[in-house]
Amino acid sequence: MRTQLTNYVARLFAGDLSAFGGPATDETVAGHIRAEQMSLLLGYSVGIMLANACNATVLAIALWQSPNRTFALIWAVIVAGAAIAFGLQSHASRRITKPQFVSRRAIHRLVRNAFVLGVAWGIVPVAFFAEASTGGQLVITCLCSGMLAGGALAFATIPIAAIAFTAPIFVGIAICLSRNDDVAFLLIAFLVVVYGSVLLRGVFVNSFAFARRVMRQIEAERTVRRDALTQLPNRVAFNETLDAALKRLALSGEEFAVLLLDLDRFKEVNDRFGHPAGDEFLVQVASRLQRCTRAAEHVARIGGDEFALVMANLTRPEDALEIAERFVAAFNEPLLIEGCEISGATSVGIVLAPRDGNTQLDIMKNADAALYRAKKAGPGTICFFEETDDKASRDRKALQADLAGAVARNELFLVFQPFLDLGANRITGFEALLRWQHPSRGLVPPSEFISIAEETGLIHEIGEWVIRRACATLADWPDDIRVAVNFSAAQFHNASILQTIVQALADAKVAPRRLEIEITESMLLSKYGSAVSILNALLELGTTVALDDFGTGFSSLTYLRKLPFSRIKIDQSFIRDMLVQPDCAAIVKSIISLARDLNIDVVAEGVETADQLDYLRQINCDEVQGYLIGRPVSADGVEALLKSKKLRAVFAA
């Protein structure tokens, strides 16, 4: 019972309308309602405070001939001065962007101030009415009536504040009137009670209607500003919050931070479990992230697996770091997805305003640069923005702009790395590898530009160029030589890839069996649902399909059942260590044995020593590839390599 009473009192003095029988809300919605109430009050407050100062001055003049003149003058100076000061403060507050959330403590202060002002006016009839002249009494009556009406207007949406202000005035009037036996004063008392009841009823009716209107508005805005999956604010809401923070920065110098997060393992969850599990993963992550923030702040989901937070009223950079560390620590415990425990991780980039920018464009650009560095450093890394990040970001954007015209300027070219058949001791094909000769940067590694191509969609144009050039080059080679072309998952998101491959084979007049498509497990994501159907169509066409980097993914064995692969390529990490680590040797032998049982050829990648080659011969590996066999060569060098008798002699059994 005591706890219930305490909760009721807390809700009452926080302005919670449910304490008066109004609509019940959660704290988030209540904070928004309080923000709207405060905004409306600030709109009235300047005029009302000026009226208070004017009324105090009028009262001092009316009581100038009264015996209480000195007391009245002191009272008037205090009330007028306080009203003017509060009015100036309210005027300054109105210039700052309207807050989205107001705490209970702010309403507590408002109720306290309303009560103090009400007491100040409640003193007037008690202290001055009896000794005042008839004119002075008339002025006091008018002023008290006006203050009651003005208070009801000012606090029309906040009943507890209206009561706190008007109650002392009612009490003061009651004390004053109780001292006089004149019937006229009894009539005045009756009118005061009637008018006061009407005013307070109007306050309650208006406040309930106002709250319901704000709740409907909040609900409507949620549709536009809420992420449908996680129920977090979306990019629209985040941009509005950031814009409001920038306005406060310009007007009052209030510093803030922006934290940008990216989930490091979301893609892996989608790879293994599919879209529904990925959605559940995001929902659970959103819940954990929101619990890490302060009450008035909300993490926003601004992209697929990207989240952001605006930290307002930042006092020191360590505060932003503390929240970021909470975000990272939120993934210490695994998430339960479809009965399986999944470990998650996030990287965080932090910018501080105005140090790192004072526009939305600069802040988000720099936050993205800081996040990019954090992701490169590894899961769970937190990075503040640094000037070097800006340079790296500009370089990346410049590289992106140059890549857009690389095909047209003939800056891309292919090199070819051979496959050696260990049974026949001859080269059976080549893997086509893409290279970019930049006019000023020189040779740009694929590791730098392929990810840019995938992010920007340029991978489709570049991929089409690669398949056409590879097929055209293949046409000049012997009929028993194949070419293997790597495809990224992004390319299979484009259904026209099948038509591109068919057209390239037709234009080059090359048999489909001589083209091998190399894919990784990421190709088979549910995100790219068309991948399996396209690969099946290619197999029906007669091309071969190889599963690259075998053994490094989640579901290699599962995918061997899904598609009739022609080859699997053992990842070079196993080949590199198989002679020094027994577990790697066991894995390599197991893969070869499994492939043989499934009638699938095996290619060992990364062969660099004669000992590795000898061991692979002993365990009956089909083909090998690596620097020992041959480094990537240009198309002109392929013919010489095929005719090389020295190569056959070196690798003879």
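Closest non-hydrogen pair, E255 versus P354, comes out as CG-CD, 3.8 Å. A pairwise comparison of heavy atoms in G172 and V126 identifies O-CG2, 3.5 Å as the closest pair. Nearest heavy atoms, V348 versus A324: CG1-CB, 3.9 Å. Residues I363 and A353 approach most closely at CD1-CB, 4.0 Å, considering heavy atoms. M364 approaches F238 most closely through the heavy-atom pair SD-CE2, 3.6 Å. Contact detail for V79 and A120: the closest heavy-atom pair is CG2-CB, 4.1 Å.
Side chains of V139 and L143 form a contact here, defined as non-hydrogen atoms less than 4.5 Å apart. With contacts defined as side-chain heavy-atom distances shorter than 4.5 Å, the pair F155/F165 qualifies. Using a 4.5 Å heavy-atom threshold, the side chains of T293 and M311 count as separate. R291 is not listed as a side-chain neighbour of R326, based on a closest heavy-atom distance of 4.5 Å or more. For the pair L242 and F256, the minimum side-chain heavy-atom distance is below 4.5 Å. Annotation: side chain of T346 is not in contact with side chain of D262 (no heavy-atom distance under 4.5 Å).
By the 6.0 Å contact criterion, CD on Q360 is enclosed, its count of non-hydrogen atoms from other residues, nucleotides or ligands being greater than 12. The number of heavy-atom neighbours closer than 6.0 Å to CZ of R201, taken from other residues, nucleotides and ligands shown, is 12 or below. More than 12 heavy atoms of other residues, nucleotides or ligands lie within 6.0 Å of CZ in F170, so this atom counts as buried by the packing criterion.
Every residue was checked against the ring pair (Phe, Tyr, Trp, His ring centres under 6.0 Å) condition with F307, not counting sequence neighbours, and none meets it. Judged as a side chain to side chain donor-acceptor pair (under 3.5 Å), and not counting sequence neighbours, Q65 has no contacts. A search for side chain to side chain donor-acceptor pair (under 3.5 Å) contacts involving T359 returns D362, not counting sequence neighbours. With sequence neighbours excluded, no residue satisfies side chain to side chain donor-acceptor pair (under 3.5 Å) with Q400. E297 meets the side chain to side chain donor-acceptor pair (under 3.5 Å) test with R294; sequence neighbours excluded.
A side-chain N or O of S347 and one of D264 form a donor-acceptor pair less than 3.5 Å apart. With hydrogens and angles left out, the side-chain atoms of Q290 and S287 include no donor and acceptor closer than 3.5 Å.
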Under 3.5 Å donor-acceptor pairs involving side-chain atoms of residues 53-62, not counting sequence neighbours:
residue : atom : partner : partner atom : Å
N55     : ND2  : A51     : O            : 3.3
T57     : OG1  : A53     : O            : 2.9

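Tested against V351 for a side-chain contact (heavy atoms from CB on, under 4.5 Å), the candidates L260, L259, V258 yield a single pass: V258. A side-chain contact (heavy atoms from CB on, under 4.5 Å) with L289 is found for one member of V299, T230, L232 and no other, namely V299.
To the nearest 0.5 Å, atoms CG (L261) and NZ (K375) are separated by 10.5 Å.
Under the 30°/60° scheme for interplanar angles, the aromatic rings of W75 and F128 are found to stand perpendicular.
We find that R301 and E306 are not joined by a salt bridge, their nearest charged nitrogen and carboxylate oxygen being 4.0 Å or further apart. Comment: D319 engages R316 in a salt bridge, judged by a side-chain N to carboxylate O separation of less than 4.0 angstrom.
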